[in-house]
2 protein chains.
Amino acid sequence: MRLSTKGRYAVTAMLDLALNGVDGPVTLAEISENQGISLSYLEQLFASLRAKELVRGVRGPGGGYYLGRSADDISIANIICAVDEWVEFTRCGGRKNCSGGERCLTHSLWDDLSSEIFDFLTKISIGDLIRRGEHKKADKAAHLSVVNDEGSRAA
Amino acid sequence: MRLSTKGRYAVTAMLDLALNGVDGPVTLAEISENQGISLSYLEQLFASLRAKELVRGVRGPGGGYYLGRSADDISIANIICAVDEWVEFTRCGGRKNCSGGERCLTHSLWDDLSSEIFDFLTKISIGDLIRRGEHKKADKAAHLSVVNDEGSRAA
DNA sequence: TTATTACCAAGTAAATTAGTAGGAAATGTG
DNA sequence: CACATTTCCTACTAATTTACTTGGTAATAA
């Protein structure tokens, strides 16, 4: 697994798209403005996202991007894999003395961890994140001024 | 959170250290050999790991590195944070029109996801990974030739 | 004394990230 | 139709990060 800043940009952009795309498509110019990402870099990212059918583009005036499918059917792993090319590491073939022996155990362990992280991110959808955000807002509205050390992060 | 190849190297090296360091310290030369990482790059990584007291170096002939504390007290998040400098993103201050309004929700959502991934990796220790590996070995020995689609990954 | 090892610093090649520039192809609107 | 808007596409580039190289110094066991 590989969670780089590139993947972060992509997830953030997709989140923006899901939030602002409820009535009509969202232009990359808007996302660029909102998130402080250059338009052309967004174009690159969205080319990858479009290739994996995570977004759908509409050209011309009034155009922009839609989510390619329901927000509940788009996982964080989907997004990150789309832009980050998912290099499979620990392909022990070709490595030193990795065949079968003690040596390979380390690789195998990392491989297990890696796929566990992947599973974790597969289970979180854009829809989940949004609902979670709504809950938090509702909670804040309900018992206002009740501040614990977790809630007061975003200034 | 940021899970780069650099963090991968560090986790792999720490795993190697934990596995081979049961009787006596492990030299970076050995890890370099085992994992195919250049000695000097390992030195850089271990400088960071040592600064966070995740490893302990012993100089001179017969020297090498020990884990800084019990394998159960070293989480994957610990390791990644040590080498990856943990840049805190989505510090919305200074950003566009991020103060309070709609705009910030996206950042906040990503921030939540980020800390969730962090929590996840905090809960997995080097010790956990090793025990998991041993279980897997035991399972293989017990009901041999029973292969499901998950177990047959590492060739 | 010597070999071995951690430890340290400066520099560098390669890869990746992020952004620029300059378009072409659709498409809604006047 | 003309035109503005927007996706879509390619090539180039600056900045940053990754991974490695080189050339040491300091500690220490034999």
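From a predicted model like this one, the values you see are computed outputs, not experimental measurements. Letters A, B, ... are given to chains in the order of the sequence lines, protein chains preceding strands, and every chain is numbered from 1.
Side-chain heavy atoms closer than 4.5 Å link hydrophobic residues (I, L, V, M, F, W, Y) into clusters, and following such links, even through other members, never connects B:L39 to B:V58. Placement of A:Y66 and A:L15 in two distinct hydrophobic clusters is found when ILVMFWY residues are connected by side-chain heavy-atom separations under 4.5 Å, directly or transitively.
The outermost nucleotides of DNA chain D lying under 4.0 Å from heavy atoms of chain A, listed 5' to 3', are D:dA4 to D:dC9.
For the pair A:R50 CZ and C:dA25 P, the computed distance is 15 Å after rounding to whole Å. One interatomic measurement links the two molecules: CD of A:Q35 to C1' of C:dA18, which rounds to 16 Å at whole-angstrom precision. With rounding to whole Å, B:L17 atom CG is found 11 Å from C:dA6 atom P. The distance between atom NZ of B:K6 and atom P of C:dT17, rounded to the nearest whole Å, is 15 Å.
A side-chain donor-acceptor contact under 3.5 Å links B:T122 to the backbone of B:F118. The main-chain N or O of B:L28 is never found under 3.5 Å from a side-chain atom of B:S32 such that the two would form a donor-acceptor pair. Side-chain atoms of B:S114 never come within 3.5 Å of backbone atoms of B:W110 as a donor-acceptor pair (strictly under, hydrogens ignored). The main-chain N or O of A:I31 is never found under 3.5 Å from a side-chain atom of A:N34 such that the two would form a donor-acceptor pair. For the pair A:D112 (side chain) and A:L109 (backbone), a donor-acceptor distance under 3.5 Å is absent.
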#### Entry: Verdict with reasoning, B:E30 to B:N20, per side-chain contact (heavy atoms from CB on, under 4.5 Å)
CA-CA 10 Å; B:E30 291 176 67; B:N20 294 105; 5.6 Å; no

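Applying the side chain to side chain donor-acceptor pair (under 3.5 Å) rule to pairs touching residues 38-50 of chain A yields nothing, sequence neighbours excluded.
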Do any side-chain atoms of residues 70-78 of chain A form donor-acceptor pairs under 3.5 angstrom with protein atoms, and if so which ones, sequence neighbours left out?
{"unit_1": "A:S70", "atom_1": "OG", "unit_2": "A:D72", "atom_2": "N", "d": "3.1"}
{"unit_1": "A:D72", "atom_1": "OD1", "unit_2": "A:R131", "atom_2": "NH1", "d": "3.1"}
{"unit_1": "A:D72", "atom_1": "OD1", "unit_2": "A:R131", "atom_2": "NH2", "d": "2.9"}
{"unit_1": "A:S75", "atom_1": "OG", "unit_2": "A:A77", "atom_2": "N", "d": "3.4"}
{"unit_1": "A:S75", "atom_1": "OG", "unit_2": "A:N78", "atom_2": "N", "d": "3.0"}
{"unit_1": "A:S75", "atom_1": "OG", "unit_2": "A:N78", "atom_2": "OD1", "d": "3.1"}
{"unit_1": "A:N78", "atom_1": "OD1", "unit_2": "A:R69", "atom_2": "NH2", "d": "3.2"}
{"unit_1": "A:N78", "atom_1": "OD1", "unit_2": "A:S75", "atom_2": "N", "d": "3.0"}

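With sequence neighbours left out, the side chain to side chain contact (heavy atoms under 4.5 Å, CB included) criterion links B:E53 to no other residue.
Of the side-chain N and O atoms in B:Y66, none sit less than 4.0 angstrom from OP1 or OP2 of C:dA6.
Contacts between residues 38-45 of chain A and DNA chain D, defined by a heavy-atom separation under 4.0 Å, are made by A:E43.
Nucleic acid contact class of A:Y65 (heavy atoms, under 4.0 Å, all strands): sugar-phosphate only.
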Sub-3.5 Å pairs of nitrogen or oxygen atoms, protein against nucleotides 27-30 of chain C:
none

